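Below, each value reflects all heavy atoms present in this structure, side chains not excepted, and no hydrogens, waters or symmetry copies. Heads up: numbering here begins at 1 and tracks the sequence. Computed from a predicted structure; not experimentally measured.
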Amino acid sequence: QQKKDYDRMFNALMDHKEKTTIHADTEAAIIKIFDSVLADHPEIYWTSEFRYQADKSNSSSMVFYPVYAYDPSEIKAYNKQLKTISKQIIRGIDDQADDYEKVKYVFDFIINQTDYIENSPDSQNIISSLINKTSVCAGYAKAVQYLLAMLDVDCAFITGKAMENSVSHAWNMVRMDNEYYYLDATYGDSEDGQNASEYRYMYFGMTSDEIAQLYKEMAPHENTNATADTYFMKNNGYFTSYDEDRIQRLVNDSVHSGSRSLFLKFDSGLTMQNVHQQLTGQFHLFAMLEANGIALKNVNYYMVPELNCILYFY
């Protein structure tokens with residue numbers, strides 16, 4: 001019955017109906033259905049609240065009254081803009097792109113074009129990130145979900161609270177190559193890590209254990225420990241032990257490309273500490289840099305224990 005009510009509510013919202021009857025007999029039940037519809041459909045940006053009253057003809061039903069944030073002419077204008085913008089964005093993706101390339105493209109695009117600004121207009125929907133280009137976490141996550149749906153990539157909108165401060169937050173779970181991964185474009189748009197371009201990828205392709213270090217989800221989701229479609233695996237930066245030859249190649253590449261940074265991820269905190277000790281305590285990183293003509297007495301680094309990542313700067 002809830003699924004039937006879900007469909008009924010979805011159709012009413014898409015058709016901008018004034019009201020519809022829902023076979024729910026409690027406020028909690030109707031809120032659950034409403035929240036589920038909006039979580040699944042970022043394209044429904046024109047409402048975020050509703051009113052209801054008991055159905056006088058049926059004690060087990062309620063009359064659902066959506067509250068629309070925009071009038072029909074505004075919705076029509078926004079839809080036209082969104083259609084044009086979305087086509088332009090999708091045009092930048094190769095027709096032969098795999099799941100990883102699609103998700104990374106959308107993740108990067110949203111981060112690159114959106115500024116995080118609290119109290120941004122329309123910050124809880126896709127208008128903020130795709131049209132206004134300023135948003136908060138909900139706008140980031142819904143825009144990612146909206147664009148990935150166009151690319152046939154499964155993507156869920158997830159809410160919860162950040163562990164560090166219990167502030168409400170939103171992020172995504174995606175499915176790449178039949179495996180589940182978490183990603184957070186909002187955290188990826190952080191100014192931490194000296195603004196190194198790679199910093200964002202800590203929050204691209206997280207596991208269930210990693211996400212549990214950062215947030216408390218409002219509801220359970222697919223348990224995942226997949227790593228194949230992560231930035232670090234794709235770029236040879238994931239380590240289960242100290243591998244000097246591989247790290248030397250990464251350092252060489254970073255120096256030659258001009259990035260002057262080294263970003264590594266590890267399978268555990270113990271591995272991270274062991275590698276860090278080899279690179280800094282045993283001065284192996286300094287020797288690698290010297291082999292590239294860079295002589296330093298100190299190397300700055302940014303360590304994120306929750307995600308077993310280290311970003312070195314030189």
Side-chain angles (χ1 to χ4, degrees), residues 40-45 76-117 120-158 170-191 193 195-206 226 228-237 253-254 257-259 261 263:
D40 287 345
H41 297 282
E43 70 275 16
I44 301 177
Y45 58 83
K76 184 177 180 180
Y78 277 135
N79 282 344
K80 184 177 181 180
Q81 289 184 69
L82 288 168
K83 183 177 180 180
T84 300
I85 290 169
S86 300
K87 283 185 176 181
Q88 291 173 344
I89 296 170
I90 301 304
R91 198 175 295 136
I93 303 178
D94 188 277
D95 291 339
Q96 303 303 314
D98 59 20
D99 287 348
Y100 170 82
E101 292 167 330
K102 291 176 181 178
V103 177
K104 183 176 179 295
Y105 176 91
V106 169
F107 182 78
D108 284 337
F109 183 90
I110 294 301
I111 290 175
N112 291 340
Q113 86 145 13
T114 311
D115 290 326
Y116 185 94
I117 299 178
S120 300
D122 305 293
S123 64
Q124 299 302 302
N125 64 49
I126 59 175
I127 299 300
S128 60
S129 49
L130 294 178
I131 295 179
N132 300 337
K133 301 182 181 179
T134 61
S135 192
V136 296
C137 58
Y140 279 77
K142 287 187 176 183
V144 168
Q145 182 188 27
Y146 177 76
L147 294 174
L148 287 180
M150 296 181 176
L151 296 170
D152 298 320
V153 175
D154 290 339
C155 179
F157 175 81
I158 299 177
W171 60 97
N172 300 101
M173 173 175 267
V174 298
R175 185 161 62 178
M176 297 184 282
D177 298 318
N178 293 317
E179 295 281 359
Y180 292 96
Y181 300 84
Y182 287 97
L183 61 86
D184 186 342
T186 309
Y187 274 26
D189 200 14
S190 170
E191 293 183 357
N195 288 323
S197 60
E198 301 95 337
Y199 175 87
R200 65 182 61 176
Y201 300 119
M202 276 195 301
Y203 303 104
F204 180 96
M206 292 178 284
D229 282 347
T230 64
Y231 174 84
F232 298 94
M233 290 295 286
K234 295 288 188 180
N235 290 275
N236 214 23
D253 291 343
S254 75
S257 68
S259 72
S261 64
F263 202 14

ask   = Just wondering, do Ile131 and Tyr78 contact through their side chains at under 4.5 Å, heavy atoms?
value = yes
request  = With sequence neighbours excluded, tell me which residues meet side chain to side chain contact (heavy atoms under 4.5 Å, CB included) with Ala138.
outcome  = Gln124, Phe157
message = Given 3.5 Å as the limit, does a donor-acceptor pair link the side chain of Asn132 with the main chain of Thr134, or not?
response = no
key: Contacts of Tyr181 that satisfy ring-ring contact (aromatic ring centres under 6.0 Å, His included) - sequence neighbours left out   = none
request  = With sequence neighbours left out, write down each residue that passes ring-ring contact (aromatic ring centres under 6.0 Å, His included) with Phe109, or none if nothing qualifies.
outcome  = none
query = With Asn172, which residues qualify under side chain to side chain donor-acceptor pair (under 3.5 Å), at least two apart?
reply = none
note = In short, Gly205 meets Thr230 closest at the heavy-atom pair O-CG2, 3.3 Å
inquiry  = Using side-chain heavy atoms (C-beta onward) and a distance below 4.5 Å, is Met202 in contact with Phe263?
reply    = yes
inquiry  = I need the full list of side-chain hydrogen bond (donor to acceptor under 3.5 Å, both in side chains) pairs touching residues 139-157, with sequence neighbours left out, sorted by first then second residue.
reply    = Tyr140-Asp189, Asp154-Arg175
remark   = d(Leu147 CG, Leu130 CG) to nearest 0.5 Å is 5.5 Å
note = When rounded to the nearest 0.5 Å, the distance separating OG of Ser135 from CG of Asn125 is 8.0 Å
request  = Can you sort out the partners of Tyr105 under ring-ring contact (aromatic ring centres under 6.0 Å, His included), two or more places apart, ordered by chain and number?
outcome  = none
request  = Could I get the full list of side chain to side chain contact (heavy atoms under 4.5 Å, CB included) partners for Asn235, not counting sequence neighbours?
outcome  = Tyr100, Tyr231
ask   = For Lys133, what residues pass the side chain to side chain contact (heavy atoms under 4.5 Å, CB included) criterion, not counting sequence neighbours?
value = Gln113
inquiry  = Taking side chain to side chain donor-acceptor pair (under 3.5 Å) as the definition, give me every residue that meets it alongside Ser129, ordered by chain and number, with sequence neighbours left out.
reply    = none
message = Taking salt bridge (Lys or Arg N to Asp or Glu O under 4.0 Å) as the cut-off, I'd like each qualifying pair that reaches into residues 95-117, sequence neighbours left out, listed once.
response = Lys104-Asp108, Asp108-Arg200
query = What distance separates Phe204 CZ from Lys234 NZ, expressed to the nearest 0.5 Å?
reply = 9.5 Å
Hey, can you pull the donor-acceptor pairs under 3.5 Å for the side chains in residues 84-92, sequence neighbours left out?
{"unit_1": "Thr84", "atom_1": "OG1", "unit_2": "Lys80", "atom_2": "O", "d": "3.1"}
{"unit_1": "Ser86", "atom_1": "OG", "unit_2": "Leu82", "atom_2": "O", "d": "2.7"}

ask   = Looking at residues at least two apart in the chain, or sitting in another chain, which of them share a side chain to side chain donor-acceptor pair (under 3.5 Å) with Ser254?
value = Tyr314
request  = Flag the pair Phe107 / Tyr201 as yes when at least one side-chain heavy-atom distance between them is below 4.5 Å, and no otherwise.
outcome  = yes
key: Smallest separation among heavy atoms of Pro121 and Ser128, with atom names   = O-CB, 3.5 Å
